[in-house]
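Take a look at the structure below.
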2 protein chains.
Amino acid sequence: MATLHELSEFRRPLPINLANRPTASNCDDCGARHSGLCNVLSEDELEFLTRAAQRVSLAPGTVFVEEGEKAAYFYNINQGNVRLFKSLPDGRRQITGFAGPGYFLGLAAGDNNAFSAEAMDGVKLCRFSRPTLLAVFEELPVLERKLLNVAMHELVLAQQQMLLLGRKTAIERIASFLLSWAERLEICPAGRLPAPNAVMKLPLSRTDLADYLGLTIETVSRSLSQLKRDGIIDIPNIHEIILIRPRALSEIAEAAI
Amino acid sequence: MATLHELSEFRRPLPINLANRPTASNCDDCGARHSGLCNVLSEDELEFLTRAAQRVSLAPGTVFVEEGEKAAYFYNINQGNVRLFKSLPDGRRQITGFAGPGYFLGLAAGDNNAFSAEAMDGVKLCRFSRPTLLAVFEELPVLERKLLNVAMHELVLAQQQMLLLGRKTAIERIASFLLSWAERLEICPAGRLPAPNAVMKLPLSRTDLADYLGLTIETVSRSLSQLKRDGIIDIPNIHEIILIRPRALSEIAEAAI
DNA sequence: ATACGGTTTTGATCCATATCAAAAGGAATA
DNA sequence: TATTCCTTTTGATATGGATCAAAACCGTAT
């Protein structure tokens, strides 16, 4: 079995790292958090898959998937962050998700892309042409299994987001978001609460946050301020949140009665 | 190749019919619209799959999947309609989708179900225990491919719904819904507009509609009334809509500028 | 340090949709 | 036909969050 480290940037740029989210375990070799196919593929198989990919670097702000265009590729993020979104002609925007290192992208597409994708910072990724990856399935059925799991997990998240967007109040949306972001950063295991006073980086603008939560930036700001006033969170700076009382946050998020 | 008709209720109750939506083509044998695995599986394989299923009949109102419970089964609807939803403790409800004959259910689940499912009318379905179906994958990899396609299609729909819930106005939501429902009923091909004056059955209560669109029943009613006043639709009775000017509906739905 | 441009926060007001209330419609039953 | 019950529509009012406006903040350049 190849470890991810053997395929990592130290030896070869932009390794394959197919997963929908980083795992909780750190790499034995390099200490960083990796995940994905290295657990289920042999080195030969990884080699095979790697050859099917093109490596791409993107400048911040690059829109590399355009909603409505013919879906040509799947992507696997190796470095940086990406926002996925849909837009209306008058400029209204709904961010449908964020993708970071390890995330696999491009499942939400029939013949055409259902979403656009934009690099939030410097991004490096592997790009697979769709026909190529579908051909690879024949050789690596385990890949198909993996992708099905990724898609199923995305569906769970999508349904959570529908509940949030359709039925939660502003403050409930913010509270829900903060907790789900903590899970994403693996500050806590999925379904568990972070420890009190956990510190969390939040590398998103208020605009991104608003467009993800179906609110305006003003409402996002006001809700965060209120949680701070109530002593539930602290905001030492724009891109950092301290979850002082995660339990209270959770009660707001789940609308506990 | 077995046709679906050979496996249909005339010969054997509750045939397997794995698909996420009916196809546009009618069955040569019985005229009804079927779809799914019959196109890709041999009769032996269908037989194999059918043996892995339990047939179940459900009375209207039966909740047969409970959000948060251990995910034990996948389901394939053969008859009737199902609503999928998530709830908050205080009773707020978000319907995440509707499933009719031919739909495959249960992908939005990790260890636990992400949603609840309730029979809207008399429902007949096939139930597969999750371990069993996963075992079947070994024998029928094509099934996994099929399910991946179903999941990808669900993701496209989920992202559409996020845009609707996060960023569209009440009247835009109603217009979008009417057009997507027309597609679902195959009154028009996907991505195309229905013909002017197309008639459409709408077997949903205003409450279901409101909970699907993130609105109240009053706002749903008012928006429908306005579209009627404007001569864009007609509502001969509660469960029937005439799409008088689909083009106008589409302009509202897509917020054309 | 100061000035500048962008982002975020806070404040004041407005409005789309929710909420509350009542009337109208429709199906089932007496 | 009249009665009841439930759903839907319409009307009146309230409100959460949007919009408009200005101040505070923050990083960068001068």
Side-chain angles (χ1 to χ4, degrees), chain A residues 60-61 83 88 90-95 120-121 164-178 201-230 232-241 252-253 255, chain B residues 60-61 83 88 90-95 120-121 164-178 201-230 232-241 252-253 255:
Chain A
R83 76 187 131 238
L88 291 172
D90 62 4
R92 278 174 285 172
R93 183 177 74 156
Q94 179 66 40
I95 293 182
M120 297 169 74
D121 43 27
L164 181 150
L165 293 170
R167 288 304 185 204
K168 289 190 181 178
T169 65
I171 197 125
E172 288 165 357
R173 295 182 199 203
I174 295 288
S176 303
F177 168 78
L178 291 176
K201 287 256 179 268
L202 190 62
L204 304 177
S205 70
R206 297 298 185 246
T207 302
D208 279 341
L209 211 36
D211 284 348
Y212 183 53
L213 299 178
L215 300 169
T216 59
I217 53 172
E218 293 95 331
T219 300
V220 167
S221 180
R222 273 186 250 272
S223 303
L224 285 169
S225 298
Q226 185 182 329
L227 289 173
K228 182 175 176 177
R229 259 200 313 284
D230 296 347
I232 294 173
I233 64 173
D234 194 19
I235 312 176
N237 68 69
I238 304 282
H239 293 301
E240 204 165 295
I241 305 267
I252 294 170
Chain B
R83 75 187 132 238
L88 290 171
D90 61 5
R92 278 174 285 172
R93 183 178 72 156
Q94 179 65 40
I95 294 182
M120 297 169 75
D121 43 28
L164 181 150
L165 293 170
R167 290 304 186 203
K168 289 190 180 179
T169 65
I171 197 126
E172 289 165 356
R173 294 182 200 202
I174 295 287
S176 303
F177 168 78
L178 291 176
K201 286 257 180 267
L202 190 62
L204 304 176
S205 71
R206 296 297 185 247
T207 301
D208 279 341
L209 212 35
D211 284 348
Y212 183 53
L213 299 178
L215 300 169
T216 59
I217 52 171
E218 293 94 332
T219 299
V220 167
S221 180
R222 274 186 249 272
S223 302
L224 285 169
S225 298
Q226 185 182 328
L227 289 173
K228 181 175 174 177
R229 260 198 313 283
D230 296 347
I232 293 173
I233 63 172
D234 194 20
I235 311 176
N237 68 71
I238 304 281
H239 293 301
E240 203 165 295
I241 305 268
I252 294 171

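Proteins get letters first, then strands, A, B, ... in listed order; numbering begins at 1 in each.
The side chain of B/E218 has D/dG11 as its nearest neighbour among C/dA12, D/dT8, D/dG11. Which of C/dA18, D/dT10, C/dT9 sits closest to the side chain of A/S221 comes down to C/dT9. Candidate nucleotides D/dA18, C/dA18, C/dT19 were compared by shortest atom distance to the side chain of A/T219, and D/dA18 ranks first. Taking only side-chain atoms of B/R206, from C-beta outward, the nucleotide of D/dT9, C/dA18, D/dA18 with the closest atom is D/dT9. Distance from the side chain of A/S225 is smallest for C/dT10 among the nucleotides C/dT10, D/dG11, D/dT8. Each of D/dT10, C/dT17, D/dT8 was ranked by its minimum atom distance to the side chain of B/S205; first place goes to D/dT8.
Considering all non-hydrogen atoms of both residues, B/G166 and A/L165 come closest at CA-CD2, 4.1 Å. The nearest pair of heavy atoms linking A/R206 to A/I235 is NH2-CG2, 4.3 Å. What you find for B/R167 and B/E172 is that their closest heavy atoms are O-OE1, 4.3 Å.
To the nearest angstrom, P of C/dT17 lies 18 Å from CZ of B/R92. Remark: P of C/dT19 and CG of B/D90 are 10 Å apart, rounded to the nearest angstrom. What separates CG of A/L164 from C1' of D/dG17 is a distance of 15 Å, to the nearest Å. Atom CD1 of B/I217 and atom P of C/dA24 are 18 Å apart (whole Å). C/dA16 atom P lies 16 Å from atom CZ of B/R167, rounded to whole Å. A straight line from CG of A/L215 to P of C/dT8 spans 15 Å, rounded to a whole angstrom. The distance between atom CG of B/D211 and atom P of C/dT17, rounded to the nearest whole Å, is 17 Å. Rounding to whole angstrom units, CD of residue B/E172 and P of C/dA16 are separated by 12 Å.
If you find the closest nucleotide of DNA chain C to A/R229 and to B/T216, the one lying nearer the 5' end belongs to A/R229. Nearest-nucleotide positions on DNA chain D place B/H239 closer to the 5' end than the other of A/R173 and B/H239. Where A/I238 and A/R222 each meet DNA chain C at their nearest nucleotide, the meeting point lying more 5' is that of A/I238.
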Decide yes or no on side chain to side chain contact (heavy atoms under 4.5 Å, CB included) for B/D211 and B/R83, but give the supporting numbers first.
CA-CA 11 Å; B/D211 284 348; B/R83 75 187 132 238; over 6 Å; no
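Of the possible polar contacts, one joining the A/S223 side chain to the A/T219 backbone as a donor-acceptor pair under 3.5 Å is found.
Across all strands shown, B/L224 has no heavy atoms under 4.0 Å from either base or sugar-phosphate atoms.
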